[in-house]
Amino acid sequence: MSASEQIAKNARVAGNILKTLSNESRSTILYKIHDALKANAAQIEAANRVDLAAAISSGLSPSLIKRLDLFKGDKFDTMLQGIKDVADLEDPVGQVKMARELDEGLTLYQVTSPIGVLLVIFESRPEVIANITALCIKSGNAGILKGGKESVNTFREMARVVNDTIAANVKTTGVPVGAVQLIETRQDVNDLLSQDELIDLVVPRGSNALVRNIKNNTKIPVLGHADGICSVYADEFADLEKAKRITLDAKTNYPAGCNAMETLLINPKCNQWWEVLENLSRQGEVTLHVTSDVKTAYIAKLKELNRFDDVVSSRIVDINENEDFDKEFLSLDCAVKFIGSTLEAIQHINLHSSRHTDSIVTENKDNAESFMKGVDSSGVYWNASTRFADGFRYGFGTEVGISTSKIHARGPVGLDGLVIYQYQIRGDGQVASDYLGAGGNKAFIHKDLDVKNITL
């Protein structure tokens, strides 16, 4: 038996145990993991500093270094809070979604159940190990996790804490060793991608190249997104202050995030539209990749107002229309284009976006509704920053990733996206041959029941 097959089999065995445990048991181990990670913060931070130093010396891009830094701002504390938030969520397993009386004493139920075994592959964001561990255990799924080589030391230290905590509490919680397994090498991933009989879902989190490579090398279903090309459209009826706040936040709050604005579409009829661009340049230090008509109008207007200076000039570049509208900058850069109508904005976004998250800024309800119905993305917003596209902000506790697929889960994937369902029939000795369609004469009742009043 190969090493990859053994890992997958161990996960399958652990998953079969995990899905039978009570919500209390699954939540209890999450609290213990939270406490252990918090208690080992100093060791984890030391490991993270080693990764950061190596990343800087190797010339890793600033956007990836930001993702790698686990202790920047409140990232570590937010990660810990996410574990507790997931633990406190309602149990996603065993929820009755449909109940139908087929006949007296014969009832059909649709009940949520874990997907099974998840293979989650991510790149330089070390907090993902805690996010995925929490979501997997809470949803009754076994997880096999692979972190990026950039965060290998942080990954190892957090993996040690997680595995030691699970092993130390097997007797009290029942959560088995093997519920969360952590692998390090690319070869491990390649080998596991062939285990389609044991692994149920692959979730790649990272670059377009990573996601494409995974999809091209496995028969296992893949849930995820390639790029985060998010657009904001400032409509002719946009409130100027809202437009300035939303675009500044969407671009600069976390430029390396997959939910950051990469394209700004502006209707030239928008009141004082140039202030939106100037605000991005001056307050956000954003370099604007502008079309020729935007450049001409923008410079002319600022010169007219005596506000064109070296700061603004240094942050204007000519756009490469063959690339920039399809590009995830992950930096303080933004493509800018004039758009004449909501319909044109919809058409542009559907042509160039990655179907992640897009937003319209407008006070016109009809335009907003048209935009939200017409844009084919997993998240479509009205007068809100694209940065809200996040499982934590949605109240999911955390997320396993963002799905732009049109399968069972779309957008930020929390607990609901990690369960599927099974059909259960509870009877009293009935056989199909007594009923119409299978040789008998009895008719089915097919009476729908109120699931609010049902507890299995």
Considering residues at least two apart in sequence or located in another chain, which fulfil the side-chain hydrogen bond (donor to acceptor under 3.5 Å, both in side chains) criterion with [X]?
X: Glu363; result: Lys242, Asn383
X: Thr296; result: none
X: Arg12; result: Asp200
X: Thr173; result: none

What distance separates [X] [atom1] from [Y] [atom2], expressed to the nearest 0.5 Å?
X: Asn213; Y: Leu193; atom1: CG; atom2: CG; answer: 8.0 Å
X: Glu275; Y: Leu240; atom1: CD; atom2: CG; answer: 5.0 Å
X: Leu182; Y: Arg160; atom1: CG; atom2: CZ; answer: 12.5 Å
X: Phe388; Y: Thr386; atom1: CZ; atom2: OG1; answer: 10.0 Å
X: Leu37; Y: Glu157; atom1: CG; atom2: CD; answer: 9.5 Å
X: Asp324; Y: Cys334; atom1: CG; atom2: SG; answer: 10.0 Å

Does the side chain of [Y] come within less than 4.5 Å of [X]'s, by heavy atoms?
X: Lys301; Y: Leu305; result: yes
X: Asp196; Y: Thr218; result: no
X: Thr154; Y: Ile44; result: yes
X: Ile420; Y: Ser113; result: yes
X: Phe371; Y: Asp358; result: yes
X: Ser378; Y: Arg355; result: no

Using a strict cut-off of less than 4.0 Å between a Lys/Arg side-chain nitrogen and an Asp/Glu carboxylate oxygen, indicate whether Lys373 and Glu369 qualify as a salt bridge. no
SB check Arg156 Glu184 (cutoff 4.0 Å): yes
If a pair satisfies ring pair (Phe, Tyr, Trp, His ring centres under 6.0 Å) and one of its residues is in residues 55-98, list it, with sequence neighbours excluded. Phe71-Phe76
Would you mind listing every ring pair (Phe, Tyr, Trp, His ring centres under 6.0 Å) that reaches into residues 295-325, with sequence neighbours excluded? Phe325-His348, Phe325-His352
Sequence neighbours excluded, every pair satisfying salt bridge (Lys or Arg N to Asp or Glu O under 4.0 Å) that has a member inside [range]:
range: residues 31-59; result: Glu45-Arg49, Arg49-Asp69
range: residues 228-241; result: Glu241-Lys244
range: residues 78-95; result: Arg26-Asp91

Partner set under salt bridge (charged side-chain N to carboxylate O under 4.0 Å, His left out) for Arg410, not counting sequence neighbours: Asp376
Please enumerate all residues that pass salt bridge (charged side-chain N to carboxylate O under 4.0 Å, His left out) together with Glu323, with sequence neighbours excluded. none
Main-chain N/O of Ile229 paired with Ser354 side-chain donor or acceptor, under 3.5 Å: yes
Between Asp249 and Arg245 (side chain of the first, backbone of the second, donor and acceptor by atom type, cut-off under 3.5 Å), is there such a pair? no
Before giving the answer on side-chain contact (heavy atoms from CB on, under 4.5 Å), spell out for Lys295 and Asp318 the whole-Å C-alpha distance, their side-chain angles and the decisive distance to 0.1 Å. CA-CA 8 Å; Lys295 181 178 181 180; Asp318 293 327; 3.0 Å; yes
Donor-acceptor pairs under 3.5 Å, side chain of residues 258-270 to any protein atom, not counting sequence neighbours: which ones?
from   : atom 1 : to     : atom 2 : distance (Å)
Asn259 : OD1    : Arg387 : NH1    : 2.7
Asn259 : ND2    : Arg387 : O      : 3.3
Asn259 : ND2    : Ala389 : O      : 3.0
Glu262 : OE1    : Lys251 : NZ     : 2.9
Glu262 : OE1    : Phe329 : N      : 3.4
Glu262 : OE2    : Phe329 : N      : 3.3
Glu262 : OE2    : Leu330 : N      : 3.2
Asn267 : OD1    : Lys269 : N      : 2.9
Asn267 : ND2    : Tyr233 : OH     : 3.2
Asn267 : ND2    : Gly340 : O      : 3.3

Is the number of heavy atoms from other residues, nucleotides or ligands under 6.0 Å of Arg186 CZ greater than 12? no
Give the C-alpha distance, both sets of side-chain angles, the deciding distance and a yes or no for side-chain contact (heavy atoms from CB on, under 4.5 Å) between Val375 and Asn350. CA-CA 6 Å; Val375 170; Asn350 286 342; 4.2 Å; yes
May I have the step-by-step check of side-chain contact (heavy atoms from CB on, under 4.5 Å) for Phe338 and Glu344, ending in yes or no? CA-CA 10 Å; Phe338 277 148; Glu344 285 185 30; over 6 Å; no
Give the intermediate values and the outcome of side-chain contact (heavy atoms from CB on, under 4.5 Å) for residues Asp390 and Glu399. CA-CA 7 Å; Asp390 176 82; Glu399 65 185 39; 3.9 Å; yes
